[in-house]
Amino acid sequence: MSEKTIPMLPCRTIQPVLDFYTALGFEVTFQQQSPNPYGVVERGSIQLHFFGMKRYEPAESYSTCYIRTDDVDGLHAVFRAGLKAAYGRVPTRGLPRIGALKDTSHGVRQFLVTDPGGNCLRIGQQTSQDAHHRPAPKETLARALHHACLLADSRDDPAAAAKIIDRVLRMEDERPAPVQLLRLLVLRADVAGRLGDDETAASALAEAAAVHLTAQERELVHDDLGRLEELRQ
């Protein structure tokens with residue numbers, strides 16, 4: 001006996017969604033206009049189905065699915081390259097967009113992709129057998145970064161993440177170390193861009209680029225430095 005689960009995701013119009021997945025390296029294996037708009041894309045063992053809804057609002061979508069891979073870094077690089085070739089840039093905000101690679105607090109290294117229909121794909125590689133979220137750090141700045149990351153990505157609430165980061169960056173009795181500061185500023189720029197606050201995004205990016213790091217510290221924030229370069233493009 002063999003079973004397979006296939007997500008069926010909504011969108012307002014089919015063609016922009018199919019074009020998006022084609023840019024990611026998917027093949028359109030089925031498409032119909034009537035009696036109902038419908039499309040299917042496949043890439044390796046990944047198969048996604050889409051159906052059209054006239055009154056659907058992509059910006060308000062909660063549709064999502066999870067894709068597991070054994071090479072999340074490679075898939076992230078391929079997707080970024082495909083999007084840059086198709087759109088002339090790597091879209092990091094609005095619809096569509098691709099997020100940064102991150103090591104989560106529940107033993108998964110992952111990134112998020114949101115298509116023109118507002119459907120969010122969480123694409124991850126397991127890095128630990130323990131799937132439970134690790135306890136939040138007790139230290140103030142580390143705890144703030146932990147919760148801001150969860151709000152920005154897992155809960156898709158960039159406004160709440162921005163409030164946390166702004167609060168800790170204003171603290172006078174405790175200042176972040178260079179690694180913490182870079183991570184806070186890159187995330188602040190990321191969420192500001194998603195909120196359409198270009199002025200704050202540009203300011204945070206400039207501050208992040210000016211943070212002095214040792215070679216060892218740069219290794220610790222490899223993913224964050226990569227995201228910094230993406231956001232500056």
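We use all heavy atoms of the structure for the numbers below, so side chains are in, but hydrogens, waters and symmetry mates are not. What you see is a predicted model, and the numbers here were worked out from it, not measured in a lab. By convention here, the first residue in the shown sequence is residue 1.
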Would a distance-only check, ignoring hydrogens and angles, find a side-chain to backbone donor-acceptor pair under 3.5 Å from [X] to [Y]?
X    : Y    : answer
E217 : T214 : yes
R232 : A206 : no
H147 : A161 : no
R89  : A85  : no
T64  : C120 : yes

State the [atom1]-[atom2] distance between [X] and [Y], to the nearest 0.5 angstrom.
X    : Y    : atom1 : atom2 : result
I67  : S45  : CD1   : OG    : 9.0 Å
D115 : L24  : CG    : CG    : 9.0 Å
L181 : L213 : CG    : CG    : 9.0 Å
L101 : I123 : CG    : CD1   : 9.5 Å
Q125 : D103 : CD    : CG    : 10.0 Å

Would you call [X]-[Y] a salt bridge at under 4.0 Å N-O?
X    : Y    : value
D224 : K102 : no
E207 : R188 : no
R194 : D153 : yes

Original post:
Cluster partners of V40, using ILVMFWY side-chain heavy atoms under 4.5 angstrom, listed by chain and number?
Top reply: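 M8, F30, Y38, F51, M53, Y56, all in the cluster of V40.
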Original post:
Does L150 sit in a hydrophobic cluster with other residues, and if so which ones, taking ILVMFWY side chains as linked at heavy-atom separations under 4.5 Å, directly or through other members?
Top reply: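 Under the 4.5 Å side-chain rule, L150 groups with nothing.
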Original post:
Does the side chain of P37 reach to within under 4.5 Å of the side chain of T13, using non-hydrogen atoms?
Top reply: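 No. Closest side-chain heavy atoms not under 4.5 Å.
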Original post:
Are the side chains of V186 and L182 in touch, meaning some heavy atoms are under 4.5 Å apart?
Top reply: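 When only atoms from C-beta onward are counted, L182 and V186 do touch, with a gap below 4.5 Å.
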Original post:
Would V41 end up clustered with L112 when hydrophobic side chains under 4.5 Å apart are linked, directly or stepwise?
Top reply: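 No, V41 and L112 fall in different hydrophobic clusters.
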Count the heavy atoms belonging to other residues, nucleotides or ligands that lie under 6.0 Å from [atom1] of [X], then report whether that count exceeds 12.
X    : atom1 : value
R218 : CZ    : no
E199 : CD    : no
E219 : CD    : no

**OP:** Answer yes if the ring centres of F26 and F20 are under 6.0 angstrom apart, and no otherwise.
**Re:**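 Judged by ring-centre distance (under 6.0 Å), F26 and F20 do not meet the cut-off.
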**OP:** Name all residues meeting the side chain to side chain donor-acceptor pair (under 3.5 Å) criterion together with R97; count only those two or more places apart in sequence or in a different chain, and write none if there are none.
**Re:**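 With neighbours one apart ignored, the set is empty.
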Subject >> Ring geometry between Y21 and F50 (parallel below 30°, tilted from 30 to 60°, perpendicular above 60°) >> reply: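 Aromatic pair F50/Y21 classed tilted.
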Subject >> Between Q32 and N36, a side-chain donor and acceptor under 3.5 Å >> reply: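 Not at all, the side chains of Q32 and N36 share no donor-acceptor pair under 3.5 Å.
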